Amino acid sequence: MILLSCLFAGKVFARPQVFVPDPITGYALGGHDPVSYFVDGYPRKGKRNHVHKWGGTEWIFVNEGNLAAFKRDPEAYAPLFAGCGGYALSEGFGTAGSPFIYAIVDRRLVFFHSVVNRFLFVVNGSQLMTAAHDNAERVGCVPMR
């Protein structure tokens, strides 16, 4: 009985607290440049000399141009749902998405927990996007302001 109460005493978060931070550096998206998903078509590691604080965390960028683009419109480049997995969120669960399993949906970066979840979300796009938006605030998958 004591063991069970100890197990449930602390809070457990299944979703990212702030944009999938790197556990060592604390950079958003595991240290990947959010603009690179749109410009290069894949995630690229940022450089520490191109840093910007937004949304409760630090972001790093590949170059000054990507940094300037992000500063101009961070919400256009930051992952939707604060990095929570889009498909799981459409089902009502807030789980951490992976910066390596993603899709650009309606011109927004969306992360997923698995490639199967990404496929299901993309195939059923507008319906699941609406459900994910409806659940985002309830499960805490909204960015800090």
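Predicted model only: the values in this text are computed from it and were never measured.
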Closest contact, heavy atoms only, [X] versus [Y]:
{"X": "Val122", "Y": "Ala103", "value": "CG2-CB, 4.0 Å"}
{"X": "Ala132", "Y": "Gly86", "value": "CB-O, 3.8 Å"}
{"X": "Val62", "Y": "Lys45", "value": "CG2-O, 3.6 Å"}
{"X": "Leu80", "Y": "Arg108", "value": "CD1-NH1, 3.3 Å"}
{"X": "Ser90", "Y": "Ala131", "value": "O-CB, 3.6 Å"}
{"X": "Gly26", "Y": "Thr57", "value": "O-OG1, 3.1 Å"}

Quick check: do [X] and [Y] have side-chain heavy atoms less than 4.5 Å from each other?
{"X": "Asn66", "Y": "His50", "value": "no"}
{"X": "Leu29", "Y": "Phe111", "value": "yes"}
{"X": "Phe81", "Y": "His133", "value": "yes"}
{"X": "Arg48", "Y": "Thr25", "value": "yes"}
{"X": "Ser36", "Y": "Phe61", "value": "no"}
{"X": "Trp54", "Y": "Glu75", "value": "yes"}
{"X": "Phe38", "Y": "Leu109", "value": "yes"}

Flag yes if Phe121 and Phe93 sit in one hydrophobic cluster, no otherwise; membership is Ile, Leu, Val, Met, Phe, Trp, Tyr, and two members link when side-chain heavy atoms are under 4.5 Å apart.
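Different clusters: Phe121 never reaches Phe93 through Ile, Leu, Val, Met, Phe, Trp or Tyr contacts under 4.5 Å.
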Once the angle between the rings of Tyr37 and Tyr102 is folded into 0 to 90°, is it parallel (under 30°), tilted (30 to 60°) or perpendicular (over 60°)?
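Correct class here is perpendicular.
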May I ask you to decide if the ring planes of His32 and Phe100 are parallel, tilted or perpendicular, using 30° and 60° as cut-offs?
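It falls in the perpendicular class, over 60°.
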Rounded to the nearest 0.5 Å, what separates atom [atom1] in [X] from atom [atom2] in [Y]?
{"X": "Glu91", "Y": "Asn135", "atom1": "CD", "atom2": "CG", "value": "9.0 Å"}
{"X": "Phe112", "Y": "Tyr87", "atom1": "CZ", "atom2": "OH", "value": "11.0 Å"}
{"X": "Ile101", "Y": "Asn117", "atom1": "CD1", "atom2": "CG", "value": "8.5 Å"}

